K.L.:
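Before I ask anything, let me first share the structure, which is written out below as structure tokens.
Since we're looking at a predicted model, the values are computed, not measured. Computation of the quantities below employed the complete heavy-atom set of this structure, encompassing side-chain atoms and omitting hydrogens, waters and symmetry-equivalent molecules.
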Amino acid sequence: MEILDHRRVGGTYEISVPNKKTPRNAKFGKVDGFDQLILARFIQELYFLHKKGEPPGGRFDCSLQGDLDPSGWRIVLVPAVPMFRKKPTSIHKRFTKSASGCEIGDIRGLLKLAIKKLNIEVDDSIFDEWWDEEDSIVEAAEWLEESLPPIPIPINFKSTKLISEDALGWICASVTEKMGSWPACCYEDDGATNLELRAPGRSGPPMRIRESLESYSPDPDAPRFRIEYRSAPQPWEEEEKSEFELLSKYWKGCLGEWSGEGDLEDKVGVRMRATLEAEKFQLLRGCYAVKLMSRNESGAKKGEYGYRLLVNERHPLFGDIKRNDGGSLLDSCIANATYEVCINNNPNPLDYSGAIFRVNRTKDDDPNVLILIDEGGKRRAPEKGWMRVHDIGTKTLQNRKQDIVSRAIHTQAVRNGLWGSISGRGSSSVSSWRFREWEKSHPNWRISCYGNLQLVQGPPGTGKTWTATRLVEDILRENPDAKILLCAKEHLALDHLANSVKEALGADEFRGLEVSRIVSGRRSEKGLVDERLDPFALGRSFAEEVLTASESISKKRGYRDRLGEIRESMVQKGHPAIWPSNFLKREAAVVCVTTADDAMLNLLRDARGEAFDYAIVEEAGKSYPSELLGAVAISRNTILIGDQMQLPPFEIKEIRRNLLRIFSTNSKKLRKEKSKHRELVNLLSDVRFSHTKWDQDSERYVPDDVENVVDDIKPWLEPFRWLFELFGKLNDYYVLG
């Protein structure tokens with residue numbers, strides 16, 4: 001099978017192979033400027049590949065690939081298969097010299113191959129005359145500027161007032177943090193610019209050029225491309241119009257790739273994933289190396305097994321781990337009513353495959369000797385291995401957080417809305433048009449801060465729940481159709497807030513607006529939800545009201561029978577049907593859910609764009625990023641309520657130290673264990689791409705020092721505190737008295 005393209009997309013690795021719509025090295029109808037644009041995209045993606053830090057080895061050919069729509073065409077790298085006696089043979093190191101193509105570092109050679117695939121007539125001697133001995137990606141872009149006409153870029157006619165009269169300029173698709181939410185900027189000289197280039201919206205095909213309050217300079221080692229601005233043709237110019245639309249579609253694909261919507265990960269996403277890995281690292285304390293002891297030595301009785309807990313045993317990948325003794329482990333099992341432990345050969349604390357035993361006791365004179373029971377009486381006790389408490393709840397929670405973070409960081413609200421709101425506040429002019437518009441649309445807003453992200457800080461007893469309730473009233477008073485998400489880290493705090501809001505919306509002016517408290521798992525099974533907020537009870541009541549009102553529509557027997565069938569379907573096999581509660585969830589004005597509940601993940605999965613107009617999150621000061629991102633990702637506006645002076649997130653000091661342990665991991669050992677630590681391997685690879693610094697000696701970007709990476713990520717472990725300090729410099733938060 002021929003491999004046409006291969007690249008990482010998020011946490012997966014994607015391989016493209018031929019299909020009916022992907023002809024090998026196919027030709028397409030030439031459009032003026034397409035050659036230059038396809039070459040520019042190829043050069044830019046080579047830059048991303050090299051900036052990643054570890055470009056793949058071997059030799060590659062270039063192939064022009066795409067589907068039936070020419071806007072999807074691009075140059076891709078295809079592994080060059082070695083030939084022996086004119087037949088393809090194994091891709092092995094000893095055969096690679098017989099392969100055609102070029103290595104990834106041979107930029108000039110790859111560019112020659114790409115030009116050949118595009119059938120561009122260029123004399124090879126031009127390369128030798130113009131190109132320096134040490135070819136680079138920047139020089140490839142300069143060669144493109146010198147040797148071929150400028151790249152046409154279709155723009156919205158309103159943008160013409162922002163650009164030079166000669167309609168010429170150049171762009172640089174930067175990957176610096178400041179430009180994390182913008183694909184590229186437009187420049188007229190070698191200085192800074194405040195013109196951002198954006199992909200077209202749904203309403204029209206042209207690119208948009210907009211002014212920013214920030215000033216940006218291009219990366220010194222990033223390729224820059226000469227461009228020629230083109231305004232939309234007149235309606236009667238059919239041929240020019242179709243070419244203009246085709247170029248617009250292709251540019252949209254380029255900008256999507258360059259901005260990180262494809263296989264690239266921005267710095268904000270890397271930070272969020274790193275904080276989650278630091279949380280998970282804490283679980284290593286509960287994974288013990290164990291060794292089976294003789295009955296005489298351990299004091300085990302018949303049917304029991306004695307295991308020595310090697311509490312000081314080094315982890316094979318992370319080294320020394322501070323663990324509690326067996327007595328503390330037993331106390332934890334009793335407190336959490338989880339008595340099963342699992343023993344296998346994997347030091348991953350979330351791997352529950354292997355032999356399952358029940359904890360019975362510790363040895364009287366040695367708390368690090370644990371006595372286990374095989375209740376089935378048929379298991380063979382392993383001689384040694386790694387033991388952890390068989391806590392499915394912890395594994396489920398970690399997997400859920402992983403899913404929430406991986407989904408949330410790719411949403412528009414988090415990638416652009418959250419970071420854009422923060423950077424907008426940090427601009428030289430806080431009263432930007434975005435915030436002025438927000439303030440204008442909320443004339444009666446009771447707190448002094450405004451915008452898509454707001455902070456409310458209050459010590460204990462200052463009325464945080466009261467303020468949140470009043471905000472809900474204000475929102476629904478001005479916009480009765482608004483959808484509001486209420487969140488808190490813990491069930492008790494959320495129940496208190498939900499009841500407060502329910503009582504407030506009982507007033508006549510809010511008649512008909514429902515509050516739904518969503519829970520999942522055991523709390524739902526045990527009926528631990530106030531019936532006034534239970535989506536199952538409210539859903540059945542609401543459906544019954546609709547059915548009763550519908551009876552007056554017709555008295556025909558068939559119609560009445562159908563209404564009866566609907567009533568009967570509300571109970572299935574003696575249990576409430578799910579559809580009335582789902583109906584209520586969609587219709588409720590206020591939905592309440594804890595930040596890391598399975599219901600939050602379901603809301604994130606079901607959301608298409610932002611599902612809520614507002615999200616109000618209590619206890620934000622106690623929350624990790626993994627416990628805030630879900631709410632931010634599915635709302636247009638987020639209000640975080642907390643107190644950075646109260647208890648921080650649980651075990652925050654230890655988790656800060658975990659970051660240094662994670663980024664100091666031996667990369668060679670980690671790659672050998674890649675199947676067991678896939679998320680961590682991907683994270684460290686992305687860190688080398690996102691966290692870079694300019695090296696004067698080599699005149700290129702290189703991976704940043706571990707200490708600097710940790711210092712950059714550490715504040716994000718306490719997002720509310722970090723935001724409070726940032727907003728505090730601008731006096732842009734609300735403090736409760």
Side-chain angles (χ1 to χ4, degrees), residues 3 5-16 45 48-57 77 104 175 177 180 257-284 315-318 346-351 395 398-411 414-415 601 604 624-626 629 633 655 658-692 701-704 706 708-710 712-714 716-717:
I3 298 176
D5 193 10
H6 49 98
R7 58 179 181 165
R8 188 180 57 76
V9 180
T12 62
Y13 203 74
E14 195 174 85
I15 296 177
S16 302
E45 291 173 4
F48 286 144
L49 187 63
H50 279 264
K51 190 175 175 68
K52 188 74 173 170
E54 294 183 357
L77 297 176
I104 295 294
V175 292
E177 180 181 355
E257 193 77 31
W258 296 351
S259 66
E261 294 174 8
D263 60 330
L264 303 177
E265 187 66 86
D266 62 11
K267 186 176 284 190
V268 177
V270 165
R271 287 167 176 155
M272 298 299 99
R273 290 165 52 207
T275 59
L276 181 60
E277 286 298 321
E279 282 187 65
K280 291 165 60 178
F281 194 96
Q282 203 65 356
L283 299 175
L284 289 172
H315 189 278
L317 187 60
F318 301 112
N346 187 359
N348 183 347
L350 295 177
D351 183 356
K395 181 176 182 179
Q398 290 301 319
N399 289 341
R400 186 187 305 144
K401 283 187 173 184
Q402 184 78 51
D403 207 348
I404 287 175
V405 170
S406 62
R407 290 174 183 273
I409 60 177
H410 293 290
T411 62
V414 170
R415 292 174 67 90
L601 180 56
L604 189 58
Y624 290 113
S626 61
L629 284 183
I655 292 178
N658 292 345
L659 285 173
L660 186 60
R661 301 284 296 278
I662 288 171
F663 292 114
S664 302
T665 304
N666 187 311
S667 57
K668 292 183 179 179
K669 285 186 177 180
L670 187 61
R671 281 194 290 269
K672 291 180 180 178
E673 301 287 333
K674 184 174 181 179
S675 61
K676 298 178 182 178
H677 307 279
R678 192 172 301 278
E679 292 294 335
L680 184 55
V681 171
N682 291 337
L683 172 64
L684 296 182
S685 178
D686 290 334
V687 165
R688 284 192 292 272
F689 178 82
S690 62
H691 288 71
T692 58
Y701 276 93
V702 298
D704 205 349
V706 170
N708 293 335
V709 174
V710 172
D712 174 73
I713 295 173
K714 194 181 294 183
W716 290 74
L717 286 168

K.L.:
Taking side chain to side chain donor-acceptor pair (under 3.5 Å) as the test, write out the residues that go with H677, two or more places apart.
P.N.:
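Counting only residues at least two positions away or on another chain, H677 forms no side chain to side chain donor-acceptor pair (under 3.5 Å).
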K.L.:
Not counting sequence neighbours, which residues clear side chain to side chain contact (heavy atoms under 4.5 Å, CB included) with D351? List them please.
P.N.:
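Per chain and number, D351 pairs via side chain to side chain contact (heavy atoms under 4.5 Å, CB included) with N344, N346, N348, S353.
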K.L.:
So, using side chain to side chain donor-acceptor pair (under 3.5 Å) as the criterion, who are the partners of D403 when residues are at least two apart?
P.N.:
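Here the qualifying residues are R407, R605.
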K.L.:
Calculate, to the nearest 0.5 Å, the distance between atoms CD1 and CE belonging to I409 and M272 respectively.
P.N.:
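I409 atom CD1 to M272 atom CE measures 9.0 Å (nearest 0.5 Å).
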K.L.:
To check you understand the geometry: which heavy-atom pair defines the closest contact between L604 and A408, and what is its length?
P.N.:
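Where L604 meets A408 most closely, the heavy atoms are CD2-N, 4.1 Å.
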K.L.:
OG1/T665 to CG/L680 distance, rounded to the nearest 0.5 angstrom?
P.N.:
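Result: 5.5 Å between the selected atoms.
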K.L.:
Distance from N708 atom CG to H691 atom NE2, nearest 0.5 Å?
P.N.:
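These two atoms lie 9.5 Å from each other.
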K.L.:
Within the structure provided, determine whether E679 and L276 are in side-chain contact (heavy-atom separation under 4.5 Å).
P.N.:
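Not touching, per the 4.5 Å side-chain cut-off.
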K.L.:
Could you list the residues that satisfy side chain to side chain contact (heavy atoms under 4.5 Å, CB included) with V710, not counting sequence neighbours?
P.N.:
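Side chain to side chain contact (heavy atoms under 4.5 Å, CB included) list for V710, sorted by chain: L659, L660, F663, V706, K714.
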K.L.:
Can you list the residues that meet the salt bridge (Lys or Arg N to Asp or Glu O under 4.0 Å) rule with K401, with sequence neighbours excluded?
P.N.:
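For K401, the residues satisfying salt bridge (Lys or Arg N to Asp or Glu O under 4.0 Å) (neighbours in sequence not counted) are E279, E627.
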K.L.:
So, using side chain to side chain donor-acceptor pair (under 3.5 Å) as the criterion, who are the partners of R661 when residues are at least two apart?
P.N.:
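Once residues adjacent in sequence are excluded, R661 has no partner under the side chain to side chain donor-acceptor pair (under 3.5 Å) criterion.
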K.L.:
Restricting to side chain to side chain donor-acceptor pair (under 3.5 Å), what partner residues turn up for Q398, sequence neighbours left out?
P.N.:
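For Q398 there are no side chain to side chain donor-acceptor pair (under 3.5 Å) partners, ignoring immediate neighbours.
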K.L.:
Any chance you could measure N399, atom CG, to I404, atom CD1, to the nearest 0.5 Å?
P.N.:
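Between N399 CG and I404 CD1, I get 11.0 Å after rounding to 0.5 Å.
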K.L.:
Taking atom OG1 of T275 and atom CD1 of I713, what is their separation to the nearest 0.5 Å?
P.N.:
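Taking OG1 in T275 and CD1 in I713, the distance rounds to 8.5 Å.
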K.L.:
Determine the minimum heavy-atom distance between A278 and I655, stating which atoms define it.
P.N.:
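Of all heavy-atom pairs spanning A278 and I655, the closest is CB-CG2, 3.5 Å.
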K.L.:
Looking at every non-hydrogen atom in both residues, tell me the closest pair between A274 and L683 and how far apart they are.
P.N.:
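Looking at all heavy atoms of both residues, the shortest contact is CA-CD2, 3.7 Å.
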